[in-house]
2 protein chains.
Amino acid sequence: MISFLGEYESTVDAKGRFLLPAGFKKQLPQDAAAQFVINRGFEKCLTLYPLQSWNPIFETISQLNDFDPKVREFRRYFLNGATQVELDSAGRLLLPKNLIEHASLDKDIVLVSAMNKIEIWDKNKYKEFFDSFTSESFSILANEVMNPKLNN
Amino acid sequence: MISFLGEYESTVDAKGRFLLPAGFKKQLPQDAAAQFVINRGFEKCLTLYPLQSWNPIFETISQLNDFDPKVREFRRYFLNGATQVELDSAGRLLLPKNLIEHASLDKDIVLVSAMNKIEIWDKNKYKEFFDSFTSESFSILANEVMNPKLNN
DNA sequence: ACACTTTTTCCCACTTTTCGCCACTTTTTG
DNA sequence: CAAAAAGTGGCGAAAAGTGGGAAAAAGTGT
């Protein structure tokens, strides 16, 4: 299982391309084809899955019963916008327009590791998110998440 | 088994034709004849099946017991409106009028992957569907769908 | 049954966009 | 400081997308 670490900046050019930072590229298994799936994130960001991370998720979803309306709704929402992308000869990825819009990406973006995938944020949005966090609120959150026994 | 990924926009022209977006066309097996079956969706949308996806479904339905009135009813609903369509030389599909009506398609449409088939939505309807989702309601839905054991 | 109108289907030709590639600049590293 | 790698920009061929006209088919009325 791949897992990423780190946070890198990049810029989107006029055509909607950005360079996958060398830091992440090094973390990809070298046998990995340069193939990814990019999707809307749950928050106002995008999620970039190397194909190896995406496949098992897709596999699970594909086995659900299509005649269940909730399944259809779930799939529609979850798969919406998911797009396969590929590194170009210069190591860049092309962002689909609708996804750029979803995440309100401008020129500067931040790529953040999220376990087996990478989140893509507009630089300012990401900064706002961070600034809104004090070390106390972080500490409380950490305790809630890491110490589930307290949650009852 | 074919499976699609992505979400693309297209427009229906005055004659009821729309261009199958290049993104989807690339995902079709190249040996696939340019043949499709288009049908009413369960929701207010249309469903576009490449012939390979349609055939097994049709096969299943044809094996249901014809003496069961519910089967007859289901078939009537499900099969009526199913129409075979073919790409024209410019890569467009012609939408039957009754289906355009069913999905209230106007000029702008959105084509969305739904595993082995493609859903066709009126752009505004699709947006409404989306906007009606909050990240919480999605979390609940996801939990219901992905964790069937909880549903008893 | 035939002439005429309307609709459908097919195909051609043009415009716009995309994206693969190349070439250049900047940064890193040994 | 040189060489390699990282990062940026942009051209131009090829594909995508659009519109419309003509042929064929279907429909209608006398």
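Predicted model only: the values in this text are computed from it and were never measured. Chain naming here is simple, since letters A, B, ... match the order of the sequence lines and numbering starts at 1 in each.
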If a protein heavy atom is under 4.0 Å from the base, mark B; if only from the sugar-phosphate, S; if neither, -; do that for nucleotides 21-30 of chain C going 5' to 3'. BB--------
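The separation between Leu111(A) atom CG and dG7(D) atom P is 11 Å, rounded to whole Å. dA16(D) atom P lies 12 Å from atom CG of Leu87(B), rounded to whole Å. Remark: C1' of dT8(C) and CG of Leu95(B) are 14 Å apart, rounded to the nearest angstrom. For the pair Lys107(A) NZ and dT8(D) P, the computed distance is 7 Å after rounding to whole Å. The CD-P distance, from Glu86(B) to dT8(C), rounds to 18 Å in whole Å. Separating the CD atom of Gln84(A) from the P atom of dC19(C) is a distance of 14 Å, rounded to the nearest angstrom. Rounded to whole angstrom, the span from the CG atom of Leu20(A) across to the P atom of dG7(D) amounts to 9 Å. The distance between atom CZ of Phe18(A) and atom P of dG9(D), rounded to the nearest whole Å, is 15 Å.
For Ala22(B), the listed nucleotide lying nearest its side chain is dG17(D); candidates were dA6(D), dT9(C), dG17(D).
When the side-chain nitrogen and oxygen atoms of Lys97(B) are compared with OP1 and OP2 of dT8(C), one or more of them lie within a distance under 4.0 Å. Contact check, Thr11(A) against dT8(D): a side-chain N or O comes under 4.0 Å of OP1 or OP2.
No close placement of the Phe36(A) and Tyr49(A) rings is indicated, their centers lying 6.0 Å or farther apart.
Between the side chains of Glu119(B) and Tyr126(B), no donor N or O sits under 3.5 Å from an acceptor N or O.
Rounding to the nearest 0.5 angstrom, the gap separating the OG atom in Ser3(B) from the NZ atom in Lys117(B) is 11.0 Å. Between Lys25(B) atom NZ and Leu20(B) atom CG the span is 6.5 Å, to the nearest 0.5 Å. Rounding to the nearest 0.5 angstrom, the gap separating the CH2 atom in Trp121(A) from the CD atom in Glu128(A) is 10.0 Å.
Figure legend: Arg76(A) and Phe129(B) shown as a cation-pi pair, the cationic atom lying under 6.0 angstrom from the six-membered ring centre and within 45 degrees of its axis.
Clustering ILVMFWY residues whenever any of their side-chain heavy atoms sit less than 4.5 angstrom apart, transitively, puts Phe133(B) in a cluster other than the one holding Phe42(B).
Mapping Lys25(A) and Asp13(A) onto DNA chain D by nearest heavy atom places Lys25(A) at the nucleotide closer to the 5' end.
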